[in-house]
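Excluded from the calculations below are hydrogen atoms, water molecules and symmetry mates; all remaining heavy atoms, backbone and side chain alike, are included. Reminder, nothing fancy here: chain letters follow the sequence lines and each chain counts from 1. This is a predicted model, so every value here is computed, not measured.
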Amino acid sequence: MEDLQREIAAAAVFTDDLPDGFGGSAVPDSIAIDEATDLTDGVPEPGHDTVQERFGSATGSCTSSPSFTSTSSSTSSSDPPIVVGIDQAFLEDAVVSAVVAFRGGRLVERTHAVSPLSIPYIPGLLAFREGGPILDALATLSVDPDLAVLDGSGRIHFRQAGIATHIGVVLDLPSVGVAKSLLCGTPDTDVDGRPEGWSTPIRADGRVEAPAGRTDAVDGTVIGHAFQSRQYPNSRRVNPLYVSPGHRVSAATTVDIVDALCAGYKLPEPTRVADAYADAVKRTIVDS
DNA sequence: GCGACAG
DNA sequence: ATCTTGTCGC
């Protein structure tokens, strides 16, 4: 598995190679999400510009019944880029993988898959446990994603092939990793109690190895950033997010993208909404 | 052997 | 990730 990760890292592109619609420059206005999705009354329905809701599982053990609503997804090349957020909720021996798609700051589709789990969680090998299930869910999505936001690291990984990079390379889809804690690497400065909008580079240290075929030094290479997406004035301190390139995105642009996708909460909206959706589906299954 | 260790 | 009540602060 580790060798496969080395190959994935070698195939990964850690420079900007995003499709048109991202504005060309660093800050992607077209993907910004200004209004936080209201989750106080359960998971909101996708917008009506794209009416599509599917339930599927490419790996069996699906508890949902196939059901459609209609098919009017109009993905013109002139539309803003589609950003998908992915998150999971765990059952006994299965996992609910939720995918939500945003376009122009609006939720346009949501879908999920329930897949069996066989591999345990092992730091550094997360993609082998959750990657398949995520692909199951993405396979049921009707719109074509332009960018995927994964829950976990991308380049900030022992072999520079975290789950965000793994998924991105497998689908050759631009992707970014958003983790709530640091797997490896070293922050340039102390990350505690920083103001909103603050960020500092995370550099490769002795625990990070170079991609296959490369023997040059990696120590000191910027593999991601600690990014303070949210901070309260007089309340409890919020820890920063650890964002890193998945595939076809640079470390600097990754920060801009995550920043643009945050709408008042610590987590970017795609991730936050996917998390709520995954939990909702899980509850539906448990309460039966 | 010991410590570190995404979700 | 998940198990779980209250509780601090705006």
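The OH atom of A/Tyr121 lies 10.5 Å from the CZ atom of A/Phe90; values are rounded to the nearest 0.5 Å.
Applying the 4.0 Å criterion to OP1 and OP2 of B/dG7, one finds that A/Lys180 has a side-chain N or O inside that range. At B/dG7, one or more side-chain N or O atoms of A/Ser181 fall inside 4.0 Å of OP1 or OP2 (strictly under the cut-off).
Of the candidates C/dT2, B/dC5, B/dG7, C/dT2 carries the atom nearest the A/Ala89 side chain, counting heavy atoms from C-beta on. In this structure, the nucleotide among B/dA6, B/dG7, C/dT2 sitting nearest to the side chain of A/Asp279 is C/dT2. Proximity note for A/Phe158 (side chain, C-beta onward) versus C/dT2, B/dA6, B/dC5: the nearest is B/dC5.
Of the residues A/Val222, A/Thr186, A/Ile223, the one that meets the side chain to side chain contact (heavy atoms under 4.5 Å, CB included) test with A/Arg203 is A/Val222.
Cation-pi geometry between A/Arg272 and A/Tyr265 is met: the NZ or CZ atom falls under 6.0 Å from the ring centre, inside 45° of the normal.
Summarising the geometry, the separation between CD1 on A/Ile167 and P on B/dG7 is reported as 15 Å, rounded to the nearest angstrom. Nucleotide C/dT2 holds its C1' atom 14 Å from the CD atom of A/Gln88, rounded to whole Å. At whole-Å resolution of the value, CZ in A/Arg207 and P in B/dA6 are 9 Å apart. Atom CZ of A/Arg129 is separated from atom P of B/dC5 by 19 Å (rounded to the nearest Å). Going from atom CG of A/Leu126 over to atom C1' of C/dA1 covers 10 Å, rounded to whole Å. Note: CD (A/Gln231) to P (C/dC10) measures 13 Å, nearest angstrom. Atoms OH (A/Tyr121) and P (C/dA1) sit 11 Å apart, rounded to a whole Å. Rounded to an integer number of Å, the gap from CD1 of A/Ile156 to P of B/dA6 is 12 Å.
At the heavy-atom level, A/Leu117 lies nowhere under 4.0 Å from the strands shown. If you check every strand for non-hydrogen atoms under 4.0 Å, A/Gly124 touches a base.
With hydrophobic clusters built from ILVMFWY side chains whose heavy atoms lie under 4.5 angstrom apart, A/Val169 does not share a cluster with A/Leu18.
Counting heavy atoms from C-beta outward, A/His247 and A/Leu173 have side chains that stay 4.5 Å or more apart.
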